[in-house]
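Notes follow the structure.
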Amino acid sequence: MEIRGGKRMSGYVKDVTPTEVNELLKSNKTISIVDVRGPEEVAEGKIPGAYNLPVNELQERMKELNKDTEHIIVCRSGGRSSMASMVLKSNGYSVLNMTGGMLEWTGETE
């Protein structure tokens with residue numbers, strides 16, 4: 001998946017909008033979405049197929065993510081995902097931060 005190009009950057013992590021993520025999902029491209037919210041927040045609804053990896057478990061569990069895959073990092077409003085994206089990027093992962101988080105998500109949830 002290549003959705004880079006002229007995207008905005010948070011620090012040195014590129015940003016992607018909820019609309020762009022929804023368009024990628026609708027295009028049936030295989031994308032990796034990592035939701036860094038806590039389990040109680042994810043239980044209220046997540047992007048279909050998103051993998052839950054709470055930000056407070058990121059250091060211990062980041063090895064669960066494939067370094068050869070580009071991951072879209074999601075949280076409630078974009079703050080935790082931005083921090084998580086920077087941690088993952090500094091550890092060699094390819095990531096995009098979804099700005100606005102689930103508060104701005106208008107696509108399907110599960």
(Q) If hydrophobic clusters are built by linking Ile, Leu, Val, Met, Phe, Trp and Tyr wherever their side-chain heavy atoms come under 4.5 Å apart, do Leu58 and Met83 end up in the same one? (A) no
(Q) Please say yes or no: joined through hydrophobic side-chain contacts below 4.5 Å, possibly via intermediate residues, are Leu53 and Ile73 part of one cluster? (A) yes
Sequence neighbours excluded, which residues qualify as side-chain contact (heavy atoms from CB on, under 4.5 Å) partners of [X]?
| X | answer |
| --- | --- |
| Asn56 | Pro54 |
| Ser90 | Tyr12 |
| Ser77 | Leu103 |

I need the minimum non-hydrogen distance between [X] and [Y], along with the two atoms involved.
| X | Y | result |
| --- | --- | --- |
| Lys67 | Asn91 | NZ-O, 2.8 Å |
| Gly107 | Asn22 | CA-ND2, 3.7 Å |
| Val21 | Met98 | CG2-SD, 3.8 Å |
| Tyr93 | Leu65 | CE2-O, 3.3 Å |
| Pro48 | Glu108 | CD-O, 3.1 Å |
| Arg37 | Val42 | NH2-CA, 3.8 Å |

Q | Check: Asn66 main-chain N/O paired with His71 side-chain donor or acceptor under 3.5 Å | A | yes
Q.
Keeping Asn52 on the side-chain end and Asp35 on the backbone end, is there a donor-acceptor pair under 3.5 Å?
A. yes
Q. Side chains of Asn97 and Ser81: is there a donor and an acceptor less than 3.5 Å apart?
A. yes
Q | Residues which pass side chain to side chain donor-acceptor pair (under 3.5 Å) with Ser85, listed by chain and number, not counting sequence neighbours | A | none
Does [X] reach the side chain of [Y], with side-chain heavy atoms less than 4.5 Å apart?
| X | Y | result |
| --- | --- | --- |
| Leu25 | Ile33 | yes |
| Trp105 | Ile47 | yes |
| Thr99 | Pro18 | yes |
| Val13 | Val95 | yes |
| Asp15 | Leu96 | no |

Q) Can you list every pair that meets salt bridge (charged side-chain N to carboxylate O under 4.0 Å, His left out) and has a residue in residues 39-54, with sequence neighbours left out? A) Glu41-Arg80, Lys46-Glu110
**Q.** Qualifying salt bridge (charged side-chain N to carboxylate O under 4.0 Å, His left out) pairs with a residue from residues 49-63, counting only residues at least two apart or across chains
**A.** Glu57-Arg61, Arg61-Glu64
